[in-house]
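These notes concern the structure reproduced below.
Throughout, residue positions are numbered sequentially from 1 according to the sequence presented.
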Amino acid sequence: MSQLRFTVVKEAFSHKAVEVNMPKEKPSQYFGKYVFNRKKMHEYLPKKTFDALVNAIDNKEPLDREVADSVAEGMKQWALDNGAKHYTHWFHPLTDGTAEKHDSFIEHDGKGGVLEDFTGKLLVQQEPDASSFPNGGIRNTFEARGYSAWDISSPAFILGNTLCIPTIFISYTGEALDYKMPLLRALNSVDKAATSVAQLFDPNVKHVYSYLGWEQEYFLVDELLYSARPDLMLTGRTLMGHDSAKNQQLEDHYFGSIPARVEAFMLDLEIECHKLGIPAKTRHNEVAPNQFELAPIYEETNLANDHNLLLMLLMDDVARRHNFRVLLHEKPFKGINGSGKHNNWSLGTDTGEQLFAPGKTTAANLQFITFFVNVMAAVYKHNALLKASISSATNGHRLGANEAPPAIISIFVGKQLSSILDHLETSDKDEIIDMAGKAGKTLGVYQIPDLLIDNTDRNRTSPFAFTGNRFEFRAVGSSANCASAMIALNAAVADQLNEFRAAIDKRLAAGEKFEHAVLSEVKALISFAKPIHFDGNGYSDEWKAEAARRGLDCETSVPLIFDAYLKPESIEMFKRTGVFSEVELAARNEVKWEIYTKKIQIEARVLGDLAINHVLPVATRYQSVLLDNVSKIQALFPAEKFEQLASSEMLSIEKIANHMTVIRDKVKQMVNARKVANKIENQREKAIAYHDTVFPLFDEIRYHIDKLELMIDDEMWTLPKYRELLFIR
Ligand code: ADP
Ligand code: MG
């Protein structure tokens with residue numbers, strides 16, 4: 001091992017578990033400590049203000065300025081009492097992560113000093129200097145300014161010493177420049193649409209909420225090893241590195257105990273989460289070495305998404321305290337599993353019904369089947385769009401590879417429910433029959449057993465699986481903002497439900513009986529959505545061929561996948577649901593293509609630098625050692641012995657030379673491809689060029705670098721190897 005690498009590795013391995021500052025109280029006592037939740041509102045706001053705010057939140061009504069002023073006063077007081085000195089509008093721009101600009105509470109007091117001030121005006125709306133946030137041209141064509149506005153449905157919180165106010169971020173002319181605004185619109189539209197369908201079954205339903213329970217997968221790497229890998233630091237993934245002799249083949253990590261250092265990190269993180277009101281619940285090892293998962297209890301989608309974004313910030317912070325770096329990249333290491341963020345998604349009424357859970361009564365089961373098949377139809381119609389919603393340069397590494405959902409959207413239904421759907425579709429009677437009991441035994445009309453939850457087989461290869469009372473959208477990337485997937489899914493389902501309700505109304509108006517009307521539409525949807533239903537092995541080549549035959553979207557090029565947003569059926573759907581205008585869709589795609597290009601561009605630069613400045617010099621040095629050896633053999637031994645003694649060294653010298661030549665040539669080719677691509681003005685064309693001409697060279701270059709890593713004297717190789725990066729002691 002090289003001296004430098006040895007020192008780094010030794011120090012990294014000597015890192016001990018960092019002691020966690022354990023609160024004395026129980027979690028229930030510090031949960032939400034730093035959140036301006038209803039309890040704090042009640043404590044800090046005048047009764048009248050409290051009532052007005054709660055009413056505005058619950059009934060989605062606007063808040064007048066007087067109330068806002070009073071809320072601001074109470075919120076400020078609470079923030080100051082908890083050590084906050086600054087406030088910020090916290091928003092989700094179209095880049096990864098979140099953005100904030102901090103302002104201090106201080107204002108002149110007119111007597112040469114300052115006082116703490118915070119008004120309703122500052123709480124409700126700000127104009128962050130947003131010219132450097134991606135906007136896809138919206139702010140050039142329309143109006144230069146953008147502003148952020150308070151989202152009262154997500155509570156303010158204190159992070160560090162700053163009061164954070166969740167906000168939307170929009171242009172002056174109202175176009176969304178963020179993820180939150182369209183998410184709120186999508187949630188609104190699914191609320192309206194699902195409520196109108198749920199009211200067919202229960203007129204008491206006033207609202208339907210969308211719920212999200214994400215499962216966040218991530219890798220941890222020791223910070224010293226991380227800082228010795230420029231590729232990890234700059235791109236979040238390793239651009240080179242030969243497989244470790246041992247990686248996940250023994251499957252010992254998944255079942256293994258959590259290393260003490262990691263457990264301390266997790267505990268610390270969970271405490272921070274709980275203080276910020278994030279209901280972190282589950283933690284475990286994942287399949288790959290150094291890979292872990294954290295999942296909270298599910299929440300209403302807007303809040304759940306804020307909490308996921310907040311978690312990603314917290315993870316980074318807490319990891320540093322434990323001498324770790326957290327990797328949220330979807331594929332940090334070649335040859336072992338990547339990381340996703342499963343999005344468990346469901347709809348539920350304000351009367352407490354879960355719409356994707358079979359019920360105890362005939363009516364409840366009819367309602368369940370109704371919502372179920374509408375989801376199938378929506379996902380089928382918009383399968384290309386849903387794939388686009390989870391696609392990115394980084395998630396592209398994961399999708400379609402053998403450990404991740406395939407790059408084709410399909411729905412896993414499970415055996416039991418499949419047979420119910422099959423029966424329904426073919427039966428000419430208005431009935432639902434349970435096929436789960438003894439073969440063909442009729443348990444009664446409209447019966448679905450409530451053991452579905454335990455009975456859904458766990459198909460890990462499906463990108464969109466029904467898991468008993470919810471759907472699990474597994475294709476979402478670990479670094480993604482869940483909003484992207486949640487916007488597309490909720491909007492698509494809302495649109496489908498509106499269509500369904502209209503069809504039912506028409507049948508009822510024509511005098512059909514309610515149950516007959518519903519079952520007729522349900523049957524039609526089952527037939528229509530058949531192609532999206534697939535319970536088999538999503539990783540198999542047969543499925544790829546079959547999916548293409550079924551007409552499902554099979555595109556694998558990320559820049560081309562984005563085109564789905566601009567297809568007429570997507571534009572129309574988003575327009576009907578009020579989620580995106582065509583201008584917004586076009587602008588956002590510009591941003592997507594631009595980000596794709598930039599990510600590949602950065603990776604190409606880092607790979608080029610490492611190849612030329614690290615790999616080639618080390619290879620040359622080792623080659624010189626071999627050459628030196630060969631000439632000494634030649635000088636010392638008679639010619640007839642030379643061949644025998646030096647042949648293996650000479651072969652190595654030649655191999656090294658060949659690898660070096662290819663690396664040099666391919667890097668040159670990559671630089672040229674970049675230059676050509678950079679001249680392209682059109683963002684879509686440029687992204688396609690990067691995908692088609694720059695990106696494919698990464699693996700070619702890497703292949704030769706990884707071969708050299710295997711050949712070259714371990715003592716000369718300075719970059720930490722996979723076997724060192726991947727196993728936390
Ligand atoms: P898995 O077995 O897939 O790891 P878990 O049981 O750990 O799944 O749950 C995963 C996530 O699903 C959790 O965040 C959980 O809160 C969430 N979840 C459970 N029920 C629902 C539901 N009805 N709607 C949305 N999310 C849910
Ligand atoms: Mg899961």
query: When the ring planes of F471 and W345 are compared, do they come out parallel, tilted or perpendicular, using 30° and 60° as the limits?
result: tilted

task: For K381 and E569, indicate whether the former's side chain and the latter's backbone hold a donor-acceptor pair under 3.5 Å.
output: no

- request: Establish, for the pair R588 and Y179, whether the NZ or CZ atom is under 6.0 angstrom from the six-membered ring centre and no further than 45 degrees off its axis.
  value: yes

- request: Would you please classify the geometry between the Y87 ring and the F105 ring as parallel, tilted or perpendicular, with 30° and 60° separating the classes?
  value: tilted

- prompt: Is there a donor-acceptor contact under 3.5 Å linking the side chains of T577 and S189?
  reply: no

field: Q216 side-chain N/O to S478 backbone N/O, donor-acceptor pair under 3.5 Å
entry: yes

task: Classify the ring geometry between W90 and F157 as parallel (under 30°), tilted (30 to 60°) or perpendicular (over 60°).
output: perpendicular

message: Taking the ring centre of each residue, are F514 and F201 less than 6.0 Å apart?
response: yes

message: Strictly distance-based, threshold 3.5 Å: is any side-chain N or O of E270 a donor or acceptor partner for the main-chain N or O of A280?
response: no

query: Are a donor atom and an acceptor atom from the side chains of S154 and D306 found within less than 3.5 Å of each other?
result: yes

- request: Check whether any side-chain heavy atom of L94 lies under 4.5 Å from a side-chain heavy atom of L177, and answer yes or no.
  value: no

- request: Check whether the side chains of D191 and H207 place a donor and an acceptor atom closer than 3.5 Å, and report yes or no.
  value: yes

- prompt: Should the ring pair F372 and F466 be called parallel, tilted or perpendicular, given that the plane angle runs from 0 to 90° and is split at 30 and 60?
  reply: perpendicular

query: Side chains of L585 and S570: does their closest heavy-atom pair fall under 4.5 Å?
result: no

message: Using side-chain heavy atoms (C-beta onward) and a distance below 4.5 Å, is F36 in contact with L45?
response: yes

Modelled atom types, side-chain donor and acceptor of S171 and E175, under 3.5 Å: yes

